[in-house]
Amino acid sequence: MDIQPIQDHLDQRFPALLGIKLLEVNPDCVRAELNARDDLSTTPGTVHGGAVMGFADTLGACATVLNIPPNAGTTTIESKTNFFRRLDVNKKVIGECTPLHKGRTTMVWQTRITDEDGKLAAIVTQTQMVLNP
């Protein structure tokens, strides 16, 4: 699937502030990276949890959009994050979002957040509502 139209859409909105770069998009997996910058930190050298959650939320929304009818929309109705380790600034953060449930009215996605060395830092589980026209 062509990443560029989706990336162009993200580059015009909140995800652009985070600096999200898509790596792979298909109906069963959205992968992306985030360059962990100092302006995304909470304490010196540590990425803010809200930046991680915003990153994962964006991937879940993208994944949902790839699975809904034309002209339908989506919104997050629930999100839960478990943090396992800190993420360091000046490194890449990788997110991989895969489906747990793809229904007509809701979809549930799990996003694994790792550091650039592949060490698990967080898991985000979110529910997206499908907004039919």
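The shortest heavy-atom contact between K102 and P27 is NZ-O, 3.3 Å. Annotation for P70 and P133: closest pair O-CG, 4.4 Å, computed over non-hydrogen atoms. Shown here for T114 and L120, the closest heavy-atom pair between the two residues is CG2-CA, 4.0 Å. Residues G73 and I68 approach most closely at O-CD1, 3.6 Å, considering heavy atoms.
The closest side-chain heavy-atom distance from K91 to D115 is not below 4.5 Å. Residues V47 and V52 are in side-chain contact: their nearest non-hydrogen atoms beyond the backbone lie under 4.5 Å apart. Counting heavy atoms from C-beta on, the side chains of V89 and L40 never come closer than 4.5 Å. The shortest side-chain heavy-atom distance between L66 and I6 falls under the 4.5 Å cut-off.
For P5, the side chain to side chain contact (heavy atoms under 4.5 Å, CB included) partners two or more places apart in sequence, or in a different chain, are D2. A search for side chain to side chain contact (heavy atoms under 4.5 Å, CB included) contacts involving E33 returns K21, L23, K92, I94, not counting sequence neighbours. Looking at residues two or more places apart in sequence or on another chain, you find no side chain to side chain donor-acceptor pair (under 3.5 Å) involving Q12. By the side chain to side chain contact (heavy atoms under 4.5 Å, CB included) test, M53 is found to be paired with T81, F83, residues two or more places apart in sequence or in another chain being considered. With sequence neighbours excluded, the residues satisfying side chain to side chain contact (heavy atoms under 4.5 Å, CB included) with T42 are T46, H48. For R37, the salt bridge (charged side-chain N to carboxylate O under 4.0 Å, His left out) criterion is met by D39, not counting sequence neighbours.
Rounding to the nearest 0.5 angstrom, the gap separating the CG atom in N132 from the OG1 atom in T105 is 8.5 Å. The distance from the CE atom of M107 to the OG1 atom of T127 is 12.0 Å, given to the nearest 0.5 Å. Here the straight-line distance linking atom OG1 of T98 with atom CH2 of W109 works out to 8.0 Å at 0.5 Å rounding. Atom OG1 of T75 is separated from atom CG of D57 by 8.5 Å, given to the nearest 0.5 angstrom. Atom-to-atom distance recorded for C29:SG and N26:CG is 6.0 Å, nearest 0.5 angstrom. One finds the CG atom of L59 at 8.5 Å from the CG atom of L10 (value rounded to the nearest 0.5 Å).
The cluster map of Ile, Leu, Val, Met, Phe, Trp and Tyr, joined by side-chain heavy atoms under 4.5 Å apart, puts L131 and I77 in the same cluster. L87 and F84 fall into different hydrophobic clusters, where Ile, Leu, Val, Met, Phe, Trp and Tyr residues are linked whenever their side-chain heavy atoms come under 4.5 Å apart, directly or through other members. Linking ILVMFWY residues whenever their side-chain heavy atoms come closer than 4.5 Å, directly or via other members, places I113 and V25 in the same cluster. Both I3 and F55 belong to a common hydrophobic cluster when Ile, Leu, Val, Met, Phe, Trp and Tyr are linked at side-chain heavy-atom distances under 4.5 angstrom.
Around the CZ atom of R104, the shell of radius 6.0 Å holds no more than 12 heavy atoms that belong to other residues, nucleotides or ligands. Taking a 6.0 Å sphere around CZ of R86, one finds it holds more than 12 heavy atoms contributed by other residues, nucleotides or ligands.
In summary, of the residues considered (L34, L22, I20), a side chain to side chain contact (heavy atoms under 4.5 Å, CB included) with P15 occurs for I20 alone.
Side-chain N or O atoms of T76 include none that pairs as donor or acceptor with a backbone N or O of Q128 at under 3.5 Å.
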